[in-house]
Every structure is written in C-alpha cells, then in structure tokens.
Amino acid sequence: MKKKKYLIFIPLVLIIISFFGIILHRDEPLNGRYYLIKKNRSQHTEYLDKSIYIDIVDNKINFTSDEYRESATLNFEEKTFELNGEKMFYNYNTGEIIIIRDKNDPGTEYASKKSPFFSGYESGTVKYKD
C-alpha cells in the first residue's frame, strides 16, 4: 500500500523537472557560431554552407562571408537588431536562429553545433517539405 502512495508524486516531480527545463532553455545564451542553412531543391534536403556564418558573442552579432563582414548589437527584449539602417528580427530555438527582415520574409536560417540536426545538416540529409 505504501508503494501506491509514492506513485501520486511522480506526475508532480515530472512537472517540476519540466518547468526547470523550460526556464533553463529560455535563458540559454545565444553565444556561438551559426552556419547558413541552404536548401537543395532537387533532393528536398538542407545542408550547411560553412563559408557564410554568424558569430554571436554576448550582445554582438557578426555576419561573415568571403565578401563581407558586418556587425550589429542585439536587443534581447525586442529580439531585434539593426544592420545597415534596416531593422531585423530574430528567433532562436535550440541551436538554430532565423533572421527575418519583414513580415513577408520567410527568413534566413542558421544552425550551430547546439542544434539537434547539426550532423544531419553537415551531411546534407535533413529533409524538408515545401
């Protein structure tokens, strides 16, 4: 009979663990290098272009490619930054960041090593649907 009493606490413990997981994920720092995700439209796969990337250190975002290097300051409260006089928005989710110019822009995706799909992007095996 005592064993059944402890089963009542299992859902409560799982809720508490989930709550702390969400809080820790929300406060996860953006710091790191994010590589551009490109689409192979003929095979419906996504892969990384490691010649184009962004580096985020604290509140600075640096865009780098073979041809240019640009920097901006992130506004964490509004999830925005200004680049060349243009206000841009970003959305972060588990090792991936999407940069959006305006509401009609589908966004440009970047992935870091924190992304659960990073090895799939590296090998070009991540599938997508249009």
Side-chain angles (χ1 to χ4, degrees):
M1 196 66 169
K2 290 182 180 181
K3 291 180 183 178
K4 290 184 180 181
K5 289 181 182 178
Y6 293 115
L7 292 177
I8 294 172
F9 292 109
I10 290 176
L12 180 62
V13 169
L14 291 174
I15 289 171
I16 291 170
I17 291 171
S18 298
F19 175 76
F20 283 112
I22 290 169
I23 296 298
L24 291 174
H25 173 73
R26 185 185 70 191
D27 294 335
E28 181 179 323
L30 298 177
N31 292 347
R33 179 168 285 182
Y34 297 79
Y35 299 99
L36 178 66
I37 299 172
K38 287 192 169 181
K39 294 184 186 311
N40 180 334
R41 301 215 183 268
S42 64
Q43 296 180 352
H44 290 282
T45 57
E46 295 179 318
Y47 64 96
L48 295 178
D49 181 348
K50 290 191 172 184
S51 68
I52 302 172
Y53 58 89
I54 57 176
D55 285 316
I56 299 177
V57 179
D58 298 326
N59 68 336
K60 297 289 184 194
I61 184 168
N62 300 307
F63 291 84
T64 306
S65 79
D66 295 337
E67 293 126 23
Y68 67 90
R69 181 175 172 92
E70 304 272 347
S71 296
T73 301
L74 295 171
N75 180 334
F76 292 115
E77 291 176 10
E78 295 181 12
K79 293 189 174 188
T80 63
F81 60 92
E82 194 169 307
L83 189 64
N84 298 327
E86 185 177 3
K87 187 173 186 177
M88 298 183 163
F89 302 88
Y90 70 89
N91 188 18
Y92 175 80
N93 187 15
T94 316
E96 297 184 18
I97 194 164
I98 299 174
I99 308 294
I100 303 165
R101 294 180 189 276
D102 59 38
K103 63 182 177 181
N104 297 325
D105 181 21
T108 305
E109 299 178 66
Y110 295 84
S112 74
K113 291 183 179 180
K114 296 177 188 175
S115 170
F117 298 109
F118 189 78
S119 62
Y121 288 132
E122 277 190 310
S123 61
T125 56
V126 174
K127 300 279 186 188
Y128 75 92
K129 293 183 180 183
D130 282 327

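Considering only residues two or more places apart in sequence or on other chains, Lys50 meets the side chain to side chain contact (heavy atoms under 4.5 Å, CB included) condition with Tyr35, Leu48, Phe118, Glu122. Looking at residues two or more places apart in sequence or on another chain, you find a side chain to side chain contact (heavy atoms under 4.5 Å, CB included) between Glu67 and Ser65.
A distance of 6.0 Å or more separates the ring centres of Tyr90 and Tyr34.
A heavy-atom distance below 4.5 Å is found between the side chains of Met88 and Phe81. At a threshold of 4.5 Å between non-hydrogen side-chain atoms, the residues Thr125 and Thr45 do not count as touching. Proximity of Val126 to Ile37: side-chain heavy atoms (C-beta onward) are nowhere separated by under 4.5 Å.
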Would you please test Tyr110 and Tyr53 for side chain to side chain contact (heavy atoms under 4.5 Å, CB included) and show each step? CA-CA 8 Å; Tyr110 295 84; Tyr53 58 89; 5.7 Å; no

Would Ile99 and Leu83 satisfy side chain to side chain contact (heavy atoms under 4.5 Å, CB included), going step by step from the backbone distance to the final call? CA-CA 11 Å; Ile99 308 294; Leu83 189 64; over 6 Å; no

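There is a side-chain donor-acceptor pair under 3.5 Å between Glu96 and Tyr121. Looking only at atom types and distance, the side chain of Asn75 has no donor-acceptor partner in the side chain of Thr73 under 3.5 Å away.
Using a cut-off of 4.0 Å between Lys/Arg side-chain N and Asp/Glu carboxylate O, Lys39 and Glu46 are scored as salt-bridged.
Under a 3.5 Å cut-off, the side chain of Asp102 and the backbone N or O of Asn104 do form a donor-acceptor pair.
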